[in-house]
Amino acid sequence: GKEISLDKYLDRMQESQESIYYMSGESVEVMQKAPALQIFKKKDLEVLMLSDHLDEPCLQKLADYEGKKFVSIQKPDVKLDESEE
């Protein structure tokens, strides 16, 4: 859990990845224990952790960055872009 820029995130994204994944919570420690995060870690997908209560509303206003949509991994209907092979 270190701070990175969105550009850095995009650089590290997998080729097939269509979305910028994020989650929010009161602290990185709390978020790292989230079961949803483990699924993404297993798939080697980076998830932005937003610990400031203003981060999420900002992302929702942006909607996308460089053509990649922001997707909260905490929504029950979150879908992984990567095809299950």
Side-chain angles (χ1 to χ4, degrees):
K2 27 182 203 310
E3 294 197 1
I4 67 160
S5 67
L6 286 173
D7 290 325
K8 184 87 133 199
Y9 181 97
L10 291 180
D11 286 345
R12 301 201 303 219
M13 272 171 70
Q14 296 177 10
E15 295 250 329
S16 60
Q17 194 177 329
E18 294 293 320
S19 309
I20 296 173
Y21 297 110
Y22 72 90
M23 66 187 301
S24 57
E26 54 199 64
S27 73
V28 171
E29 291 71 37
V30 171
M31 288 185 270
Q32 283 177 328
K33 294 187 179 93
L37 183 62
Q38 306 317 312
I39 296 162
F40 284 80
K41 276 190 166 162
K42 274 199 191 92
K43 295 189 175 291
D44 203 29
L45 292 166
E46 193 167 9
V47 176
L48 295 175
M49 293 186 189
L50 313 177
S51 55
D52 187 310
H53 70 287
L54 295 173
D55 289 341
E56 192 167 6
C58 287
L59 284 191
Q60 287 167 344
K61 278 199 177 70
L62 273 175
D64 71 76
Y65 183 78
E66 301 282 329
K68 304 281 186 187
K69 284 192 171 16
F70 289 106
V71 175
S72 169
I73 69 166
Q74 291 156 304
K75 294 212 162 61
D77 58 348
V78 67
K79 289 181 178 58
L80 292 169
D81 298 323
E82 290 58 44
S83 53
E84 301 290 321
E85 306 270 317

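Worth saying up front: this structure is predicted, and the values here are computed from it rather than measured.
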Requested in this report: Report whether Phe40 and Val30 are members of the same hydrophobic cluster (ILVMFWY, side-chain heavy atoms less than 4.5 Å apart, transitive linking).
Outcome: no
Is there side-chain contact between [X] and [Y], with heavy atoms separated by less than 4.5 Å?
X     : Y     : answer
Ile20 : Asp64 : no
Lys43 : Gln14 : no
Met23 : Met49 : yes
Tyr65 : Asp7  : yes

Can you tell me how far apart [atom1] ([X]) and [atom2] ([Y]) are? Round to the nearest 0.5 Å.
X     : Y     : atom1 : atom2 : result
Ser24 : Leu54 : OG    : CG    : 11.5 Å
Lys68 : Tyr21 : NZ    : OH    : 10.0 Å
Glu3  : Ser51 : CD    : OG    : 7.5 Å
Asp44 : Arg12 : CG    : CZ    : 10.5 Å
Leu48 : Leu59 : CG    : CG    : 7.0 Å

Residue pair [X] / [Y]: nearest heavy atoms and the distance that separates them:
X     : Y     : value
Met13 : Gln17 : CE-O, 3.3 Å
Lys75 : Gln60 : NZ-NE2, 4.4 Å
Leu50 : Met31 : O-CE, 3.6 Å

Requested in this report: Kindly indicate, with the supporting measurements, whether the criterion side-chain contact (heavy atoms from CB on, under 4.5 Å) is fulfilled by Ile39 and Leu45.
Outcome: CA-CA 9 Å; Ile39 296 162; Leu45 292 166; over 6 Å; no
Query - Parallel, tilted or perpendicular: ring planes of Phe70 versus Tyr22, cut at 30 and 60 degrees - result: perpendicular
